[in-house]
Amino acid sequence: MFRLPIIFSNKLFIRAPEGVKGMLKTKDFYYDEHYDCYLCENNQVLRYRTTSRDGYREYVSNPFVYETCPLLSKCTQCRDHRKVIHRHLWQEAMDEVEHLRHTVVNRVLYRKRQETIERVFTDTQEKHGMRWSRYRGLKKTTLQAMLTFIALNLKKLANWSWDSLWNPCLQYVLIGSTYNKPSFRSRNEGLSTI
C-alpha cells in the first residue's frame with residue numbers, strides 16, 4: 001500500500017542550525033575522498049572513527065596534535081581538544097544533487113516547481129483543510145490525506161478532460177469510442193434518422 005508522508009507544522013520557515021559564531025564550520029574543512037579523512041586549514045588530519053546508528057560517519061582529530069594548534073579556539077570548545085565532524089553516508093550523492101541544482105536547466109525546472117508541486121500543497125492546506133488534522137491517530141489522519149489527494153486528482157482529471165474536449169486528437173477517444181460501443185448501437189437501432 002502506498003503511504004503519503006504527511007508533515008504538519010504551524011511554523012512558516014524552519015531554519016537549519018547555524019552553530020556558534022566565529023567557529024569553523026564543516027564546510028571550512030576539506031574532505032579527501034582518497035584517504036577518507038578531513039583536513040583543516042592548518043593541515044591537521046581528522047580520521048574516520050566510527051559510523052553512528054543514524055547513518056553518519058564520525059571523523060575525529062588527534063587531541064595531542066590539536067593542543068598546539070593555533071586555530072584551536074576557532075575549531076572546537078571541547079576540553080579534551082578534540083574536533084568531531086559528522087558526515088552522512090550519502091553525502092557524495094547530496095553534494096552531486098546540490099551541484100546539479102545550480103545548472104541552467106535545473107534552475108528553470110526548479111522555478112516550475114512553484115507553479116506545479118508547491119501549489120498543490122498550498123491548495124491542500126488552504127482549500128481542503130490539511131493545515132491541521134481533523135482526526136487523531138495515524139490511520140485516520142492517513143485516510144484523511146488519501147481522500148483529500150483522491151479528490152484533488154479527480155479535480156485535476158476533470159480539468160484535463162475538459163481541456164481535451166476541444167483537442168481533435170482526443171475527441172475520438174472521448175466521444176467516438178462511446179458511439180462505437182455495442183451497447184450504444186443496440187439502444188439506438190430503432191430510432192429514425194429523419
Side-chain angles (χ1 to χ4, degrees), residues 1-19 25-27 31 33 51-58 86-193:
M1 183 174 161
F2 179 72
R3 292 186 178 205
L4 296 172
I6 304 171
I7 300 172
F8 295 101
S9 175
N10 57 356
K11 295 182 180 178
L12 189 57
F13 296 105
I14 299 174
R15 295 180 63 182
E18 296 177 2
K25 296 177 178 45
T26 304
K27 65 181 180 180
Y31 178 68
E33 294 178 12
T51 302
S52 67
R53 291 185 181 189
D54 298 329
Y56 287 92
R57 297 171 59 95
E58 291 183 2
H86 300 279
R87 179 180 175 85
H88 198 273
L89 288 172
W90 298 335
Q91 188 65 42
E92 291 88 13
M94 291 190 289
D95 290 341
E96 183 65 24
V97 167
E98 184 65 23
H99 168 70
L100 290 174
R101 191 171 69 91
H102 294 292
T103 60
V104 176
V105 174
N106 286 324
R107 281 185 186 175
V108 173
L109 290 174
Y110 201 74
R111 280 191 218 118
K112 285 278 187 191
R113 177 186 170 105
Q114 295 174 348
E115 302 169 10
T116 55
I117 297 170
E118 292 179 6
R119 182 176 175 187
V120 170
F121 288 114
T122 303
D123 286 348
T124 57
Q125 282 186 354
E126 293 179 2
K127 297 178 182 173
H128 298 281
M130 290 293 288
R131 191 173 296 273
W132 295 280
S133 176
R134 291 186 178 133
Y135 305 105
R136 298 181 87 175
L138 184 63
K139 285 185 179 179
K140 292 179 183 177
T141 305
T142 305
L143 181 66
Q144 176 196 356
M146 292 175 93
L147 289 174
T148 302
F149 283 108
I150 287 171
L152 283 171
N153 287 336
L154 287 174
K155 190 191 313 186
K156 190 184 291 186
L157 183 65
N159 286 334
W160 283 346
S161 63
W162 181 260
D163 291 341
S164 62
L165 279 176
W166 311 114
N167 187 347
C169 297
L170 293 175
Q171 279 184 351
Y172 175 76
V173 173
L174 296 174
I175 298 169
S177 62
T178 306
Y179 292 116
N180 294 331
K181 287 184 180 176
S183 61
F184 186 81
R185 275 190 258 135
S186 64
R187 281 186 289 169
N188 296 323
E189 281 180 351
L191 296 177
S192 167
T193 55

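- For L100 against N106, the heavy-atom pair with the smallest separation is O-ND2, 2.6 Å.
- The structure places OG1 of T26 at 9.0 Å from CD of Q91, a figure rounded to the nearest 0.5 Å.
- Taking NE2 of H128 as the start and CD of E126 as the end, the distance is 10.5 Å to the nearest 0.5 Å.
- Remark: H88 pairs with Y56, W90 by the ring pair (Phe, Tyr, Trp, His ring centres under 6.0 Å) rule, at least two apart or across chains.
- Annotation: the span from D95 atom CG to H99 atom NE2 amounts to 11.0 Å, rounded to 0.5 Å.
- Heavy-atom minimum distance, R134 versus Q144: N-OE1, 3.3 Å.
- A 4.5 Å side-chain heavy-atom check between H86 and E58 finds at least one atom pair inside the cut-off.
- Considering CG of L109 and OG1 of T103, their distance stands at 8.5 Å, rounded to 0.5 Å.
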Checking side-chain contact (heavy atoms from CB on, under 4.5 Å) for the pair R87/E92: CA distance, chi angles, key distance, verdict?
CA-CA 10 Å; R87 179 180 175 85; E92 291 88 13; 3.2 Å; yes
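- To the nearest 0.5 Å, atoms CG (L138) and CG (L143) are separated by 11.0 Å.
- For R101, the CZ atom sits in a packed shell: over 12 heavy atoms of surrounding residues, nucleotides or ligands are nearer than 6.0 Å.
- Taking 4.5 Å as the limit, every side-chain heavy atom of L157 sits out of range of all side-chain heavy atoms of N153.
- Between the OG1 atom in T141 and the CE atom in M130 there is a gap of 8.5 Å [rounded to 0.5 Å].
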